[in-house]
Q: 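The structure follows.
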Number of protein chains: 2
Amino acid sequence: MALLQPSLVDPKIWQSCAGDAVKIPKLHSKVYYFPLGHLEHANPNPNTESLSLINSCRPFIPCIISSVDLLADPQTDEVYTKLLLTPVIDGSSVEPLEVHDDDDGDDYVVSSGKTISQSDANNGGAFSVPSKCAKLIFPPLELEAKLPAQELSITDVHGNVWEFRHVYRGNPKRHMFTHNWSQFVDKKKLVGGDSLIFMKNSTGKIYVGIRRVKKIAAAAVVQKKELVVMEAVKLAEKNEAFEVVYHPTAGDNFVVDAKVVEDAMKINWNCGMRVKRSLKNDDSSISVQHGTITNLCAPSNRPWGMLQVKWNEAKVLENTLQVGPWQIEYSFDAPSLHLQYPPTKRVKVAEDYTLSNDIQEVRHNSFSTSKFVEANNCNTRKVTFKLFGTIIQVGSDVDDSLAKK
Amino acid sequence: MALLQPSLVDPKIWQSCAGDAVKIPKLHSKVYYFPLGHLEHANPNPNTESLSLINSCRPFIPCIISSVDLLADPQTDEVYTKLLLTPVIDGSSVEPLEVHDDDDGDDYVVSSGKTISQSDANNGGAFSVPSKCAKLIFPPLELEAKLPAQELSITDVHGNVWEFRHVYRGNPKRHMFTHNWSQFVDKKKLVGGDSLIFMKNSTGKIYVGIRRVKKIAAAAVVQKKELVVMEAVKLAEKNEAFEVVYHPTAGDNFVVDAKVVEDAMKINWNCGMRVKRSLKNDDSSISVQHGTITNLCAPSNRPWGMLQVKWNEAKVLENTLQVGPWQIEYSFDAPSLHLQYPPTKRVKVAEDYTLSNDIQEVRHNSFSTSKFVEANNCNTRKVTFKLFGTIIQVGSDVDDSLAKK
DNA sequence: AAGAGTTGTCGGCCTTTCCGACAAATAGC
DNA sequence: GCTATTTGTCGGAAAGGCCGACAACTCTT
């Protein structure tokens, strides 16, 4: 039953399992690859040797997506993706292939999730189905009947079918899985805290995906992953095609759509700015985090983790303290406690006619420090990146002008 | 779980499921196809219309096996085969393809069977494993342990894997399947009397096949099968390639290796001759039936069911009362009660130079009747068949010579 | 803050599964 | 035909699964 090969997953099912917040670049699209993000994704505490190698590399590498595999782990059922990236040599005349929009329009997938309780995982072999899920995903039950029941065939990410009995019982009445539930818990090694995602496509076929709480990663495995990352980085630096693996549950993607990065870099991010970040929860509801930029802290002008944000909400993962501009949004609605930042985007664009194969970095060593920035222990730097032939400047004299007000 | 398509089965596993007595002709080999046998295989009581059509056809048709599919029924797990036969046009110069001997030598399959009891099928969800089977097929258990147990992964004919707990318990101690056995009974719809065949190949992988007691064939299904047979017969008669389906449990094969038929036809079969027939039982043991030829009763010189045999053993299927010569062996060792027939093969062979597309039948209308034959109410006929350009004569004047003694 | 709706956990009961006892059937001498 | 071994069936025991009761939690207003 347990296949040893990773399973190819239907794109819409894969997306629902990963969560709608997870963005996988499209085939043949332009992206930026962030080596530091890649390393931190494999190992949050990388060894110094790896870090120094990363520091000697370009901080971001423009690439084209040459292949996308949407996969599922045969052991854990968790979804992940394997991408083949081909570095773009600046000024090269290779015409990019057409980006195929894979939204087929007609077929859709609706999903509903639940983090399973201790009782779901251990007790009596029954699963308490959230009423939202039952209403949205499963065929309607005869709720007036004495013992409403139906047999559901639910397909996992490997294409294996599980037959559950779905009943509506108890007082107050609720939806439950009874028959075959404990076998499912047993085979999938589910524990309290793991999440299930139930999905239904336009043909009515029902699917189930799993997100695990515990990330059991042995030190040896992490070491191995780190070595694989470093091999990829070396290939990227040589402008050769390289393969990366991205697990949506292990932090943000380090391969980001070019336009998204470029647009985000055009904003004059500065200390004290109010920002937000919308997150999808396990049950596919949306929650919004609000925060304030506390520092522009990119060493060597690395956009990955350039902005340090202090989030208002307590439960925030460590790796979201330092974010890239594309990972957050400027918060228009939230009133700033100290200052009002104008939503106007002040962008400095300079046409570049130099055909160089490397990304040009121009560091402005003359920092201008405003009173506000000083008061917030925040260094404002003028930083200019060249992105696909366009020079972008971040951390401008906006502060000064505002401070003068 | 339940596939709707027939499964392709590994040849050695298929053979063990069918039983070693079942002979499937090799790809590209010469065979004789018996239309009457085909019809009786589909329906033991065929309608008169079908029978009259069969009678207007050749009684046997030489063919080449153009394809062999070894299959398993997705509903019942029973094995069967689908053959594509291409009629051989006598004298045609088409060079036959090489017959590939598919015996790979190295890999073998051992098997052990059991007809399951009422208790196996209904009670308490346990299966009493025959000790022979446990010793031959399963990995050795620590028989000295207090509760010897192991988990066995057993593959069915569709490639689905079943996990059973195999224990050695009770007083007296015996091998049993406990965990998952009742699910297997349930899913496979097993009833007392059905047989299981456990197999192990040279890599140690364990398989299970099923033979059912009840042949539930609705009248409509039988009608359909009869029509399919008649279509095949019509194609065969036109010397066009045709497909046949053979179920090993439903009687002897009507597609028989040419050499086997020819050799059997060379023997002067006669009334009173002692014959034997070895049969493989469910548990893969061998039992031998003994009998006496009571009649040479082929109407229109049809070798299928030409010999009428009275078997000594009681439990004989009806369809084995009338057999073809290739289905039995001359019994050298069994002492004849009345007469001693010499084991010498008296064969009359005549070279045939006529290039005819049809099989020549020469009926000798002058019957000679001996005293012995008269006393046994047995008609001795001289019958000549042309097989692949060789004329074979059966039921000779041996009787007379013996009777004169 | 209160009410309605939802869902986590528990104990009881019923079914299924697992076990050795015993006896019946079979194989071996 | 006798004995040794194997295996079919049974009743009791243990485990697993299904149920409503009740309470805690969440969401809405």
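It should be emphasised that the depicted structure is a prediction, and the values quoted were computed from it without experimental measurement. Note on naming: letters A, B, ... go to the chains in the order of the sequence lines (proteins, then strands), and numbering restarts at 1 for each one.
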Q: Output the distance between atom CG (D194(B)) and atom OG (S117(B)), rounded to the nearest 0.5 Å.
A: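 Here the rounded value is 11.5 Å.
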
Q: What one-letter contact string describes nucleotides 18-29 of chain C from 5' to 3', where B marks a base within less than 4.0 Å of any protein heavy atom, S marks contact via sugar-phosphate atoms alone, and - marks no contact?
A: BBBBBB------

Q: Take the protein atom NE2 of H175(A) and the nucleotide atom C1' of dC19(D), then report the distance between them rounded to whole Å.
A: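 To the nearest whole Å, that distance equals 17 Å.
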
Q: Over all strands shown, is S117(B) touching base, sugar-phosphate only, or nothing at heavy-atom distances under 4.0 angstrom?
A: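 Counting heavy atoms under 4.0 Å across all strands, the contact made by S117(B) is with sugar-phosphate only.
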
Q: Quick one: side-chain hydrogen bond (donor to acceptor under 3.5 Å, both in side chains) partners of Q118(B), sequence neighbours excluded?
A: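 side-chain hydrogen bond (donor to acceptor under 3.5 Å, both in side chains) check on Q118(B) returns N122(B).
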
Q: Specify the separation, in whole Å, of atom CD of Q183(A) and atom C1' of dG16(D).
A: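 So the CD-C1' distance, Q183(A) to dG16(D), works out to 10 Å.
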
Q: Could you check how far CD1 of I116(B) sits from C1' of dT9(D), rounded to whole Å?
A: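 My rounded result for the distance is 15 Å.
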
Q: Test of understanding: with ring pair (Phe, Tyr, Trp, His ring centres under 6.0 Å), list the residues that count as partners of Y168(A), not counting sequence neighbours.
A: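 Testing Y168(A) for ring pair (Phe, Tyr, Trp, His ring centres under 6.0 Å), a comparison that skips the adjacent residues, returns H175(A).
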
Q: Would you say S119(B) places a side-chain N or O within less than 4.0 Å of OP1 or OP2 belonging to dT9(D)?
A: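 Answer is yes, contact under 4.0 Å.
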
Q: So which heavy atom on Q15(A) is nearest to which on V22(A), and how close?
A: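 Reported closest heavy-atom pair: NE2-O, 2.8 Å.
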
Q: Could you check how far CG of D120(B) sits from P of dC10(D), rounded to whole Å?
A: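 D120(B) atom CG is separated from dC10(D) atom P by 13 Å.
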
Q: Would you say a side-chain N or O of S182(A) is under 4.0 Å from OP1 or OP2 of dG16(D)?
A: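 No, S182(A) has no side-chain N/O under 4.0 Å of OP1/OP2 on dG16(D).
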
Q: How would you list, by chain and number, every residue that makes a side-chain hydrogen bond (donor to acceptor under 3.5 Å, both in side chains) with S153(B), sequence neighbours excluded?
A: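 E163(B).
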
Q: Looking at S131(A), I'd like to know whether one of its side-chain N or O atoms comes within less than 4.0 Å of OP1 or OP2 on dG5(C).
A: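 For S131(A), the contact criterion (side-chain N or O under 4.0 Å from OP1 or OP2 of dG5(C)) is not met.
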
Q: Among residues at least two apart in sequence or on other chains, which ones pass side-chain contact (heavy atoms from CB on, under 4.5 Å) with P44(A)?
A: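 P44(A) satisfies side-chain contact (heavy atoms from CB on, under 4.5 Å) with no other residue.
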
Q: Would you say dG8(C) has OP1 or OP2 under 4.0 Å from some side-chain N or O of K114(A)?
A: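 Yes, such a contact exists.
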
Q: By side-chain hydrogen bond (donor to acceptor under 3.5 Å, both in side chains), which residues pair with Q183(A), not counting sequence neighbours?
A: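 Per chain and number, Q183(A) pairs via side-chain hydrogen bond (donor to acceptor under 3.5 Å, both in side chains) with no residue.
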
Q: Identify each atom pair where a protein N or O and an N or O of nucleotides 25-27 of chain D are less than 3.5 Å apart, giving names and distance.
A:
none

Q: For V167(A), check side-chain contact (heavy atoms from CB on, under 4.5 Å) against everything at least two apart and list the hits.
A: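 For V167(A) the side-chain contact (heavy atoms from CB on, under 4.5 Å) partners, ignoring immediate neighbours, are A149(A), R165(A), R169(A), M176(A), T178(A).
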
Q: Going by side-chain contact (heavy atoms from CB on, under 4.5 Å), name the residues that satisfy it together with K205(A), two or more places apart in sequence or in a different chain.
A: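 Per chain and number, K205(A) pairs via side-chain contact (heavy atoms from CB on, under 4.5 Å) with T155(A), N201(A), T203(A), Y207(A).
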
Q: I'd like to check the side-chain contact (heavy atoms from CB on, under 4.5 Å) partners of E78(A); sequence neighbours left out, ordered by chain and number.
A: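 side-chain contact (heavy atoms from CB on, under 4.5 Å) list for E78(A), sorted by chain: T76(A), R212(A), K215(A), T249(A).
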
Q: With axes from five pairs an end, tell me the bend angle of the helix from dA1(C)-dT29(D) to dC29(C)-dG1(D), nearest 10°.
A: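 One end's axis against the other's: 40°.
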
Q: List the residues meeting ring pair (Phe, Tyr, Trp, His ring centres under 6.0 Å) with H247(B), not counting sequence neighbours, and say none if there are none.
A: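 Result, ring pair (Phe, Tyr, Trp, His ring centres under 6.0 Å) vs H247(B): Y80(B).
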
Q: For M176(A) and dC19(D), give me the distance from atom CE to atom P, rounded to whole Å.
A: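 Rounded to whole Å, this separation is 9 Å.
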
Q: Quick one: is K135(B) getting a side-chain N or O under 4.0 Å of the dT6(D) phosphate, OP1 or OP2?
A: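 So the side chain of K135(B) is within the cut-off, an N or O lying under 4.0 Å from OP1 or OP2 of dT6(D).
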
